[in-house]
Every structure is written in C-alpha cells, then in structure tokens.
Peer 1: 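Dumping the structure here so I can ask a few things about it.
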Amino acid sequence: MKKITIPIVCLLLPVLLKAQDFKAYPMWNSTLSIEKRVKDLVGRLTLEEKVAQMLNTAPAIPRLGIPAYEWWNEVLHGVARTPYKTTVFPQAIGMAATWDANALKLMAQYSATEGRAINNRAIREGKTGDRYLGLTYWTPNINIFRDPRWGRGQETYGEDPFLTAKMGSVFVKGLQGDDPNYLMAAACAKHYAVHSGPEASRHSDNINPSMYDLWDTYLPAFKELVVNAKVAGVMCAYNAINEQPCCANDLLMNDILRRQWKFTGYVTSDCGAIDDFINHHKTHKNAPSAAADAVFHGTDVECGNTVYKSLVDAVKTGIMTEKDIDVSLSRLFMIRYRLGMFDPAEKVKYRQIPENILEAPAHKEHALKMARESIVLLKNTNGILPLLKSIKKVAVIGPNADNKTAQLGNYNGFPTKNVSVLEAIKEKLGPLVSVSYDKGVGLTADSLKKNGKFEKTDMAALANRAAGSDVIVFVGGISPELEGEEMSVNAKGFKGGDRTSILLPEVQTEMLKALQATGKPVILVLFTGSALAMPWETEHIPAIVNAWYGGQSTGTAVADVLFGDYNPAGRLPVTFYKSDADLPDVKDYSMKGRTYRYFKGEVEYPFGYGLSYSTFKYSNLKAPLQLKKGKSLIVEALVTNTGELKGEEVVQLYLSHPGIKETAPVRALQGFQRIFLEQGQSKKVRFELSTDQLTLIDQNGKRYQPGGKLLLSIGGGQPNVKQITSSNVLQHEISVH
C-alpha cells in the first residue's frame, strides 16, 4: 500500500497546497538565486502552459500555485485606468516642460507607491489577473515628437533626444526604485522604434530611416534607458523598419537591442502588433510563422490578439523548438520574481505599502508643484501679468475654462479632486470679486458655421458682456478629446487622433478678435499636448500662457501664475512653428527640416523658450579655449536673478559645430538645470560633458569626434533668439584637436 500511496500523495500535493506552502520547492525557495528558481519553474511547465504565459493575460497555474497575471498596466503621468482614485500629474509633455528631472523622478516614485498599494490590494482580493492592477507598466513613451501633428506626441517628452533620454531615464529609476533585490515596479520603454505617427496608418507603415537619423535621433533615448537606466521592459512598435515589422526586426531586436545593448529584460509587442504581420504588413502567411518569428527576435509577450496561441503548433510542426519558448519564458518569470511575486510578503518591503498612500498629501502637493513648473509664459507685453488681486471684475471665457476632462490628458487616472481654471480663479479672488463665466465657443468651429461662414452674432453679444470686466481670461487651445491615439474624430484640423493643421482653431481666433475689440486686456491660456501656430494671437494678445494638460491641479497652477503667487519658469520641449507650411510631409521620417535641431526657418516660439516675471543674467563663463579629442569638457557660469521677484531659471547648454561639412544639427542640447534664485541671488552652475556628448554621427550611424571649431552656448534658451527673453545667452568657441 505504501508504494501506491506515496506517488498519489506526491501527485496531489501541488493541488492541495496553497501558494505560500510551496517554499520547499526550488521555485518558491527565496534563499536560492532567481536564476535557479526560474529554471526550476520553467522546467515544470507543459508546452501549453508555457505558451499561455506569453500572453499579456497570463492564466493561473493552479497545480504550481502560480496566480494569474495581467502584464498590461499604465502609469504615464500617475497610475492610470484603475478602479481606484489616484494622483494625476501633468501629461508627459507638460512634465517635460518643467525641465526638472528631480521632480519627475519623485513623481515616478510616488506613482509607483500608489501602484504597489493597488497591487497589494489586488493580491489580497485575488485579482492579480485583472487589467491595470499589475506592476508591469508600459511607460514611458520615449518616441521623438518629430511632427507636432502626431496626436500621441503629448505622451512624450518632446522633440529632443537628449531631453527625452534624461527625463525618461529618471522616470525609470524613480519608478523601479533602488532596492538591490526587488523592483518597486517595472518600467517599459516604448515604442521601439522610429514611431511617431500618423495614427491612421501605424499598423502598416514601413519606414526606411537613414542610419544617420536612426542613431542621431530615434535611438539615443532607448539606448539611455536600456544601457544606463536598466529599464525592465521594452515595447516593440506597430510599424516596420526596412520591410521587417519592429517586433521581428533583425537590426532593431537581435542586433541592437539584444547584442549591442545586451538587454536581458522582457519585450512586449504593442497591442495587436503580431497580428499586423499577417493582416497589415503581410510579411507572414499565417499565425504560427508570425508568432515564431516574433519569438526568434526576442518578443516575449504578445499583447492584444492571440497569435501566440499558435506557438504550440509552431513547436509541434518543427518551426521552432520548445527551448526557443523557454528563452522568452525565463525572461518573463525573471521580471515577476524581481517584483517579489513569489516571495513571502514580509521579505518584500514594497508589499508593506498601505492603501492610504493613494492620493497622499505629499503626492497631491507634488502634482501642484509640477503643474506650476510646467506652465510656459509665452508672451507678457509690458508686464501685464501678474494680475492684481485688487481687480473688481474678471470675465473667464472659453471652451477649456471649466473643462476638467481636458486637464487629465490621455492614459490618465482619475483623482478625487480636479480643479478647473474657473474654480481656481474664483477661489483665489474670493467672494468680493465678480467672476463671470461663459464657455463662448467650442474647441472647433463646426457648431458655429452656417453656409460655410461663422455666425459671429453669438460672439458679439458675449464680447459686449465681457466689456464690463477689468480683465478677460480666455481659456482655449485644444483637448485630448481631439488629439490622441487612433480616435474617431474628424473635425476641421483633426483626423483620427492626429492634427491636419497646427493652427489654433479658427473659431477661437474669431472669438479672441471680438474680445480684443472691447479694449479690455485679454489673457490667453492654452491647453494643448502639442505645438500651436497662432499668428494673430502672437501679434495682438498681450499675454499668452501655455498650461498643457496639467493634471488634477491645472486650475490652481494657472491661477497661481496669473495672479503672481507663482513665478513661471516652464520651457518649451517642442518648437512652436509659425504655420503648416513649415512642416514636411507627416509620413516623411527624415529629420531634415524638423525640430530645432534641423529646422532653419523662423519660428513662433523656439524650443527651450519661456519667460519669467523676473530677469536673469549670465556671466563669468569658464571653459577651455582648446580641447583634446577624447577628453571631457567642463563648463561653468554664474547666474544672477536681476529682477524684482524670486523665481526659477532653466539653464540650457547647447553645442554646435560651425563650418562642418558633414551632416550635423544646427545645434543640440547637451545640458540643463532648473535652479531657484532669490531676488539678487547668484549661483554657479557647472556641467561636465562626456566625450560622447562631444561627438557626432556619421552617415553609417557611427560616432566620431570632429576637430575644428566647437561652439557652446549657455543661458536661458537657445542663442540668437529673436523673441523677447528673460535672460541672456553666453557663447564660447573652443578649438578641438
């Protein structure tokens, strides 16, 4: 009887025991190395179980006590899409406009703690298989915002590879934490690579970038996150590169990501991207061949459709081996082990994070801080701002004045309290000041057209009512309801989530003309996730404030800036062009004529631009006159607040190579710091530039350091800017030999 009983007990034991009772098994034994535990686990799975674990909705494996897991989660600017209230920070493009890497890192830390609290609850409630409750976040989006018409550009850190790399890197470090044994959360760099619209054709686009553009513009941020920030995951994009889909691309995946950068983390497909192999790119004839090819190229998780289910057939028919499956599976369980999913709760400090951390006071205060820091003052004629709180009547007008949805951007969470500009102005001024409100017009003109012309009589009446106010605050711009990911929008200037024009919608310009005609000062506040062209407004409106999609504290931050309780210091992470005529074809991925690095015309507001209520003077620049190739470069300067108010300044350092015959940027950002200065205070800023930062890319995609003249500039923006600025720029020439 004993010979019969023992095998039966052994067979039934995994079914009878709970997950926490598996400590005797190597896969659960936290004293062993993760590598050994993963190897043991993978060896216990059947082929069908292995394949099921490669879907984003990975099912439970009851016989081994493995809970279900959903890989898909979002934390673009706060934990998103969960059923719980979370802190919503400014949209990513707004956080880029802060140029405050420390603030962004702290935002990521706060978001990760909120995500952990949510996941801890999901574990208690047995909901680990539910979407948006896991710890693998498919963020950040570090694609280069090369064209302002791309609707998802709002999710990025702007148009510059250096700024994107630095901001993306600190986000990853903040989110993943600093514990030597466990990740607080797992970040994922997306969308790899050369991906930035248009939305309508993203599933079938084939891009053939030059090696120069690939390595000069499209890959640096990914390299920074993979090699230096040690990001846990990478998401491969929908599009194809050089006729191969990104998720099965020889150059991107096998050569660069895995071989050159030695990436050992996991790769997920964008949602539905493997299905695109068959139905859009038409590079593969059926599901088994598509799935196998993606796995051969290191795509470990399929999101969306279930092409990967055919991997079972691919193995059984000899297209691939089960060992090929094991490679991907090992990476996936390595991430789950590093997140502490199979260790006792008491061993993983992040498992102790309580639920009351959600919307903690420090988190909400930081959301306000970042909303304030993101605001860019574009124009302030004769110091019309800040407004005096002693005014008697304020007219608040415009489609975004009380539009709380717009403030949250996309890929967003939902806070308990979301303050609009209208609400904040009323709260700021109190009951003794009359604050009137009228939406006035919609974001677009479609509802106000008759026989192809504007019906301006709605407008005239509103302007007459506003004429009795001391000041008019018009809150307009655009909205994430118009720009975003694969949308059904088809209004004038917008299509499918993208924009067909960068102009401020005409109906708003007509409304502003009517308001300006009253003779009362008009302040224009913009919501946007991308660059706006506004030629009439730039010429005629005395003050323009860009508030992006500022998160839950948008309104409070705007009111603080308008009435002088906060001195703005946001800087543009994108170029604001003058017109659509300045833009190349949206499907042209060549960087020629794009972004501040390669556009040579005049712009409305340049990359790095932003005003302050104070003024700053740069002096005492120290840098060598000569530099030997292969040596780092140290640059110092003194910054003084010469204005009447305390405030912040964003110090920017650019390099250019005048006279070089090879392809090179007009100039390129290579350093930035956001600093605070009291009135009259001076601070020394210091930059140490690595050898890599002094190099250029050749036509083969290789780095080299040119000799000859190297021109550096340091100041509050780019050199030789024609627009009014709040600070000067110093320039210095170095001879490199």
Side-chain angles (χ1 to χ4, degrees), residues 19-20 30 34 56 58 66-89 103-140 170-188 229-233 265-266 268 332-367 370 411-416 551-552:
Q20 58 265 32
S30 58
I34 292 180
N56 67 283
I66 305 297
Y69 186 66
E70 168 61 79
W71 286 84
W72 187 351
N73 207 348
E74 306 289 352
V75 66
L76 183 62
H77 52 119
V79 181
R81 300 177 175 177
T82 75
Y84 311 106
K85 298 295 184 182
T86 58
T87 310
V88 181
F89 299 87
L104 181 59
K105 183 177 182 180
L106 184 58
M107 169 266 162
Q109 291 173 348
Y110 285 158
S111 296
T113 61
E114 293 197 10
R116 268 287 179 173
I118 291 169
N119 181 255
N120 289 342
R121 177 170 176 172
I123 292 171
R124 292 195 302 271
E125 297 179 351
K127 296 181 179 179
T128 56
D130 289 8
R131 187 164 297 172
Y132 307 131
L133 299 182
L135 296 172
T136 44
Y137 294 99
W138 291 348
T139 310
V170 296
F171 177 93
V172 168
K173 291 174 182 177
L175 192 80
Q176 296 189 167
D178 57 4
D179 188 280
N181 299 313
Y182 298 104
L183 295 168
M184 179 154 54
C188 178
K230 307 300 181 185
V231 69
Y266 84 100
T268 179
L332 298 180
F333 276 103
M334 183 68 72
I335 294 296
R336 293 181 68 177
Y337 272 107
R338 290 181 66 201
L339 287 164
M341 292 183 181
F342 305 128
D343 286 345
E346 62 270 17
K347 282 201 66 176
V348 186
K349 67 178 182 182
Y350 302 124
R351 287 287 302 277
Q352 319 310 317
I353 295 175
E355 213 168 311
N356 62 9
I357 203 73
L358 298 178
E359 298 187 295
H363 300 188
K364 292 188 285 188
E365 181 59 35
H366 197 61
M370 294 203 77
Y411 279 82
N412 58 285
F414 296 94
T416 299
Q552 65 185 49

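Scope of the values below: all heavy atoms of this structure, side chains included, with no hydrogens, waters or symmetry mates. Model, not experiment: these values are computed from the prediction. The first residue in the sequence is number 1, and the count goes up from there.
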Peer 1: Could you check His77, Glu74, Gln552 and say which one makes a side-chain contact (heavy atoms from CB on, under 4.5 Å) with Asn412?
Peer 2: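 Testing Asn412 for a side-chain contact (heavy atoms from CB on, under 4.5 Å) against His77, Glu74, Gln552 leaves exactly one candidate, His77.
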
Peer 1: Report the residues that fulfil side-chain hydrogen bond (donor to acceptor under 3.5 Å, both in side chains) with Tyr266, sequence neighbours left out, ordered by chain and then residue number.
Peer 2: Trp138

Peer 1: Hey, does Glu355 have a side-chain heavy atom less than 4.5 Å from the side chain of Asn120?
Peer 2: no

Peer 1: Can you sort out the partners of Phe342 under ring-ring contact (aromatic ring centres under 6.0 Å, His included), two or more places apart, ordered by chain and number?
Peer 2: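 Here the qualifying residues are Trp28, Tyr337.
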
Peer 1: Side-chain contact, heavy-atom cut-off 4.5 Å: Leu135 with Tyr350?
Peer 2: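 No - every pair of side-chain heavy atoms lies 4.5 Å or more apart.
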
Peer 1: Looking at every heavy atom in both Ala58 and Trp71, which two are closest together, and how far apart are they?
Peer 2: CB-NE1, 4.3 Å

Peer 1: Donor-acceptor pair, distance only, cut-off 3.5 Å: does the side chain of Asn73 make one with the backbone of Gly134?
Peer 2: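 Present.
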
Peer 1: For the residue pair Pro83 and Leu133, establish whether any side-chain heavy-atom pair is separated by less than 4.5 Å.
Peer 2: yes

Peer 1: Output all residues satisfying side-chain contact (heavy atoms from CB on, under 4.5 Å) with Gln109, sequence neighbours left out; order by chain, then residue number.
Peer 2: Lys105, Leu106

Peer 1: Suppose we screen for side-chain contact (heavy atoms from CB on, under 4.5 Å). Which residues come up paired with Thr128, at least two apart in sequence or across chains?
Peer 2: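 Residues passing side-chain contact (heavy atoms from CB on, under 4.5 Å) with Thr128: Pro67, Ile123.
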
Peer 1: Can any side-chain N or O of Gln352 pair as donor or acceptor with the backbone N or O of Ala345 at less than 3.5 Å?
Peer 2: yes

Peer 1: Using 0.5 Å steps for rounding, measure from the OG1 atom of Thr139 to the CZ atom of Phe171.
Peer 2: 5.5 Å

Peer 1: How would you list, by chain and number, every residue that makes a salt bridge (Lys or Arg N to Asp or Glu O under 4.0 Å) with Glu70, sequence neighbours excluded?
Peer 2: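 Salt bridge (Lys or Arg N to Asp or Glu O under 4.0 Å) check on Glu70 returns Arg131.
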
Peer 1: If a pair satisfies salt bridge (Lys or Arg N to Asp or Glu O under 4.0 Å) and one of its residues is in residues 77-87, list it, with sequence neighbours excluded.
Peer 2: none

Peer 1: If you compare all heavy atoms of Asp343 against all heavy atoms of Ser30, which two are closest, and at what distance to 0.1 Å?
Peer 2: OD1-CB, 3.3 Å

Peer 1: Report the distance from atom OG1 of Thr87 to atom NE2 of His366, rounding to the nearest 0.5 Å.
Peer 2: 10.5 Å

Peer 1: If you compare all heavy atoms of Val88 against all heavy atoms of Pro415, which two are closest, and at what distance to 0.1 Å?
Peer 2: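 Residues Val88 and Pro415, closest heavy atoms: CG2-CD, 3.6 Å.
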
Peer 1: Which residues satisfy the salt bridge (Lys or Arg N to Asp or Glu O under 4.0 Å) test with Glu365, sequence neighbours excluded?
Peer 2: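 If we apply the salt bridge (Lys or Arg N to Asp or Glu O under 4.0 Å) test to Glu365, skipping adjacent residues, there are no hits.
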
Peer 1: Could you check whether Thr86 and Glu114, counting side-chain N and O atoms only, form a donor-acceptor pair closer than 3.5 Å?
Peer 2: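 Their side chains do not contain a donor-acceptor pair, so the 3.5 Å distance test is not met.
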
Peer 1: Which residues satisfy the side-chain contact (heavy atoms from CB on, under 4.5 Å) test with Ala117, sequence neighbours excluded?
Peer 2: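 For Ala117 the side-chain contact (heavy atoms from CB on, under 4.5 Å) partners, ignoring immediate neighbours, are Ile353, Ile357, Leu358.
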
Peer 1: Going by side-chain hydrogen bond (donor to acceptor under 3.5 Å, both in side chains), name the residues that satisfy it together with Thr268, two or more places apart in sequence or in a different chain.
Peer 2: none

Peer 1: Which pair of heavy atoms, one from Val348 and one from Arg116, lies closest together, and at what distance?
Peer 2: CG1-NH1, 4.4 Å

Peer 1: In Å, rounded to the nearest 0.5 Å, how long is the span from CE of Met341 to OH of Tyr69?
Peer 2: 3.5 Å

Peer 1: Compare all side-chain heavy atoms of Ser111 with those of Tyr137 and state whether any distance is below 4.5 angstrom.
Peer 2: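 Heavy-atom side-chain distance check fails, nothing below 4.5 Å.
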
Peer 1: Listed by chain and number, what are the side-chain hydrogen bond (donor to acceptor under 3.5 Å, both in side chains) partners of Glu125, not counting sequence neighbours?
Peer 2: Arg121, Lys127

Peer 1: Looking at residues at least two apart in the chain, or sitting in another chain, which of them share a side-chain hydrogen bond (donor to acceptor under 3.5 Å, both in side chains) with Thr82?
Peer 2: none

Peer 1: Could you give the side-chain donor-acceptor pairs of residues 173-180 under 3.5 Å, partners two or more places apart or in another chain?
Peer 2:
unit_1, atom_1, unit_2, atom_2, d
Gln176, OE1, Ala187, N, 3.2
Gln176, OE1, Ala232, N, 2.9
Gln176, NE2, Lys230, O, 3.1
Asp179, OD1, Asn181, N, 2.7
Asp179, OD1, Tyr182, N, 2.9

